[in-house]
Participant: 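This is the structure I want to talk about, given as structure tokens.
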Amino acid sequence: MDSSDRFERLATTTRRRVLKAAGAGVGLTALGTTASTGQQPDYWTVVALPDTQVYAKERTPYAKDQTQWIADNAAAENIAFVSHEGDVVDHGDDDAEWQYMDEAMSTLDGVVPYATVTGNHDYATLWDRNSSVAKYREYFGPSRYEGRDWFGGAGPSNGDEGRDNLNTYQLFSAGGYDFLHLALEWEPPGTVDDPSTPLGWGQSVLDQYPDRATILTTHSYLRDEPQRRTRKLQEASEIGNTGQTVWEDLVSPNDQIFMVLCGHWHEGTGESGGEAHQVSTNDAGASVYELLANYQFRPNGGNGFMRRIEFRPGDGADAPDRIQVRTYSPSTGAEKTDSDSQFGFDLDFDARFGSSSKTPEPTETPKTPDGPTATFQQGTDGYSGTTDTMIRAADPETSYSTAETLSIDGSDPEGSGSSAQALLRFGSITGTESGQIPPGSDVKQATVTLETSDAGDGAAVHRLRTDWSADSTWASLDGGVQADGSQAVADAVARTGAVETGEISIDVTASVDAWVNGAQNAGWVFRPLGNDGWDIQSADNAIPPTLTVSYTPGETVAGDADSDGDVDTDDVDRIQRSVAGEDSDIDRDAADIDGDGDVDIGDAVSARNLAGDDQ
């Protein structure tokens, strides 16, 4: 396990065993509206919304019932994500249908992350990608998701208003794992090696987040009768790719994709119509779960049936865990229990969702390595370099620079679905002064110790790459910090898992080692792992954060007063200014070239000679 995945002070049992002992595998629960108990269940849920076109056309309550049920049960059923499978409306040029679905989907705003994809009915002219998609873009384009920290982006963008930015991606976390959701348009065109096309853009997103287990949603992919991936294009000008091509070129080669969701097809009759599922084996030999749901040709356009996909740790029979699929209508209260509607898959979440995304195995507190140790805590031994703050989506313009408590939460205020992040930096930790870590040192161990004032789901800790200050806000950081490789490093330094009150220590060795050896020290962002907020004491509180670093100093180069690895004009200048009594930041051991214990004019002359041609 890489050092960035380790952390201290964890329990001594795995998450799966804890959930099993708590009853995660007790069995299926009723699907009706659930009164909140203030605690989330041990499983988490992804909801798939099949084609809503008939509901939009006839203005029946079914779509609004679906989203209202999701909002009412988001916490009680631990709903982590909602994916609409396309054909949002029946007539892509009808404003009234779009307004109906806008109102229905708006119920999810601020509650849970969600996505839509274009279906063939969402274009102004049915089956024709070359026709206008302006209304889809108006109601469900990228602008809809501005300010949502889970929204990753849209693409590709080539200057074509009719086709640009119809594909999106979303980031969400559940159960201690980080997920990517990739939403691709109907019969996505292009090739995986051309990022200017939808298929190539999708590949570029996967490349950007290689360690995130991924769910792909696209409108037409799997048929119900015959049950197989599509092999013929339906788009009028045959622009796009079939389901089989999407599988061969995008899904199968990318092992991180573990599930594909789709709608559209309804060739079967009776109870089998509009449903299909299969388990396929990708290029890496891993299972991919492919699920079709579309009830538009059943009574009332589907009677509000939707898919509940429950991820149940510890509930497997043939493997440790289970994905359980259920089909339920909030409008009628009916649950379909036939084998096409209720089924499941046993798998190992840790193995399938990636080692870097799972909750780390508990470890004992490591022993402090031999060698010098530097400790940084606000107000202790004259140190005053800690900067921290909280940023909140609910109050995007508000600065929390003097807050004594910092909250990391996926739903703040409770039930809103708005995130809160914490930022923390220990400045001036590297240098030649007493108490600092000499540049070029080998960091053996670095630990941040925090005081938890309110237990919660914890955080994924990412090394920051963007400048910020204590006065930074959600808005000033462009809608919160994204772990996208630009604002913050995509791979987490550590994941805390659920945190209890009291002291917690987090291993940050890799970050500090990078800073000591020249990388920008912008600190860390703490991104929430769930909706149960975790509160920590800030640098303005009674127990400020502490950074403890054990290191081995790098080899001292005689005359290298600025510790940059060579002797040049800068070193000579620093030594001369020090001899003249000016304030000069120097490595005194390196500047004392003659080793007599003082930095004097003789050392300045020696440095000039060592610098040679660099003078």
Side-chain angles (χ1 to χ4, degrees), residues 31-33 45-74 77 79 81-123 126 133 135-141 144-145 168 170 181 183 186 217-220 261-266 273-275 291-309 325-336 341 417:
L31 279 178
T33 301
T45 304
V46 171
V47 175
L49 295 178
D51 307 43
T52 52
Q53 61 198 75
V54 177
Y55 310 148
K57 178 179 66 175
E58 299 180 357
R59 317 297 196 269
T60 53
Y62 296 107
K64 294 181 179 180
D65 289 348
Q66 289 174 331
T67 55
Q68 189 62 57
W69 185 91
I70 292 168
D72 290 343
N73 290 273
E77 297 298 321
I79 299 173
F81 193 80
V82 178
S83 179
H84 193 299
E85 296 173 335
D87 277 357
V88 180
V89 299
D90 196 55
H91 300 95
D93 59 350
D94 188 330
D95 256 322
E97 293 187 23
W98 287 111
Q99 289 167 4
Y100 169 91
M101 286 307 301
D102 174 40
E103 184 178 348
M105 297 299 289
S106 292
T107 304
L108 304 180
D109 288 337
V111 179
V112 293
Y114 67 93
T116 64
V117 297
T118 56
N120 52 300
H121 280 262
D122 296 322
Y123 293 83
L126 183 64
V133 73
K135 298 215 178 286
Y136 178 89
R137 189 186 310 281
E138 176 185 352
Y139 289 95
F140 290 97
R144 184 183 185 94
Y145 310 104
T168 62
Q170 297 76 29
H181 178 264
W186 169 53
T217 301
T218 189
H219 183 58
S220 173
L261 303 176
C262 66
H264 183 65
W265 290 95
H266 49 81
E275 291 183 314
L291 283 63
L292 158 69
N294 176 21
Y295 306 109
Q296 69 181 85
F297 268 55
R298 299 196 186 187
N300 301 311
N303 272 338
F305 278 108
M306 63 185 191
R307 279 279 169 82
R308 283 260 324 261
I309 306 167
V325 181
R326 307 171 71 181
T327 303
Y328 171 70
S329 169
S331 299
T332 67
E335 180 178 1
K336 294 176 60 60
S341 305

Participant: For the atom pair CG (Asn120) and CG (Asp87), what is the distance rounded to the nearest 0.5 Å?
Facilitator: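 Output value for this atom pair is 4.5 Å.
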Participant: How far apart are the closest heavy atoms of Cys262 and His219, and which atoms are they?
Facilitator: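 Residues Cys262 and His219, closest heavy atoms: CB-O, 3.6 Å.
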Participant: Looking only at atom types and distance, does a side-chain atom of Tyr295 sit under 3.5 Å from a main-chain N or O of Gly274, one as donor and one as acceptor?
Facilitator: no
Participant: How close do Val111 and Ala71 get, heavy atom to heavy atom, and via which atoms?
Facilitator: CG1-CA, 3.9 Å
Participant: Sequence neighbours left out, what passes side-chain hydrogen bond (donor to acceptor under 3.5 Å, both in side chains) with Lys135? Give chain and number order.
Facilitator: Asp95
Participant: If you compare all heavy atoms of Pro330 against all heavy atoms of Met306, which two are closest, and at what distance to 0.1 Å?
Facilitator: CG-CE, 3.7 Å
Participant: What are the two closest non-hydrogen atoms of Ser83 and Thr217, and how far apart are they?
Facilitator: OG-OG1, 2.7 Å
Participant: With a 4.5 Å cut-off on side-chain heavy atoms, are Met105 and Tyr139 touching?
Facilitator: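 They are not in contact (no side-chain heavy atoms under 4.5 Å apart), so the answer is no.
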Participant: Please find the pair of heavy atoms, one from Ala63 and one from Met101, that lie closest to each other, and give the distance.
Facilitator: CB-SD, 3.9 Å
Participant: Do side-chain atoms of Asp90 reach the backbone of His121 as a donor and acceptor pair under 3.5 angstrom?
Facilitator: no
Participant: Given 3.5 Å as the limit, does a donor-acceptor pair link the side chain of Thr67 with the main chain of Ala104, or not?
Facilitator: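 Confirmed, Thr67 side chain pairs with Ala104 backbone.
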Participant: Could you label the plane-to-plane angle of the Trp69 and Tyr328 rings as parallel, tilted or perpendicular, counting under 30° as parallel and over 60° as perpendicular?
Facilitator: tilted
Participant: Parallel under 30°, tilted from 30 to 60°, perpendicular over 60°: which one fits the rings of Tyr114 and Tyr145?
Facilitator: perpendicular
Participant: Do Val47 and Val112 make a side-chain contact, defined as non-hydrogen atoms from C-beta onward lying under 4.5 Å apart?
Facilitator: no
Participant: Are the charged groups of Arg308 and Glu77 less than 4.0 angstrom apart, N to O?
Facilitator: yes
Participant: When you measure from the side chain of Ser341 to the backbone of Lys336, do you find a donor-acceptor pair of N or O atoms at a distance under 3.5 Å?
Facilitator: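 No.
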Participant: Do the charged groups of Glu275 and Arg298 touch, with an N to O distance under 4.0 Å?
Facilitator: yes
Participant: Short question: side chain of Asp51, backbone of Gly263 - any donor-acceptor pair under 3.5 Å?
Facilitator: no
Participant: Hey, are the side chains of Glu138 and Trp98 touching, using non-hydrogen atoms and a 4.5 Å cut-off?
Facilitator: no
Participant: Of all heavy-atom pairs between Leu261 and Ala48, which one has the smallest distance, and what is that distance?
Facilitator: CD1-CB, 4.3 Å
Participant: Using modelled atom types only, decide if a donor and an acceptor are shared between the side chain of Glu85 and the backbone of Asn294 within a distance under 3.5 Å.
Facilitator: no
Participant: Do Arg144 and Ser106 have side-chain N/O donor and acceptor atoms under 3.5 Å apart?
Facilitator: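 The criterion, which ignores hydrogens and geometry beyond distance, is satisfied for Ser106 and Arg144.
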Participant: Taking side chain as C-beta onward, heavy atoms only, is Thr45 less than 4.5 Å from Asn73?
Facilitator: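 Result no, sub-4.5 Å side-chain heavy-atom pair not found.
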Participant: Only one of Val54, Asn300, Thr52 clears side-chain contact (heavy atoms from CB on, under 4.5 Å) with Tyr62; which?
Facilitator: Asn300
Participant: Below 4.5 Å, heavy atoms only, C-beta onward: do Asp94 and Val89 meet side chain to side chain?
Facilitator: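 No, side chains not in contact.
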Participant: Got a sec, which pairs hit salt bridge (charged side-chain N to carboxylate O under 4.0 Å, His left out) with one end in residues 62-71, sequence neighbours left out?
Facilitator: Lys64-Glu103
Participant: Among Leu49, Thr107, Leu108, which residue satisfies the side-chain contact (heavy atoms from CB on, under 4.5 Å) criterion with Gln66?
Facilitator: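 By the side-chain contact (heavy atoms from CB on, under 4.5 Å) criterion, Gln66 pairs with just one of Leu49, Thr107, Leu108: Leu49.
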Participant: Just wondering, do Arg59 and Glu97 contact through their side chains at under 4.5 Å, heavy atoms?
Facilitator: yes
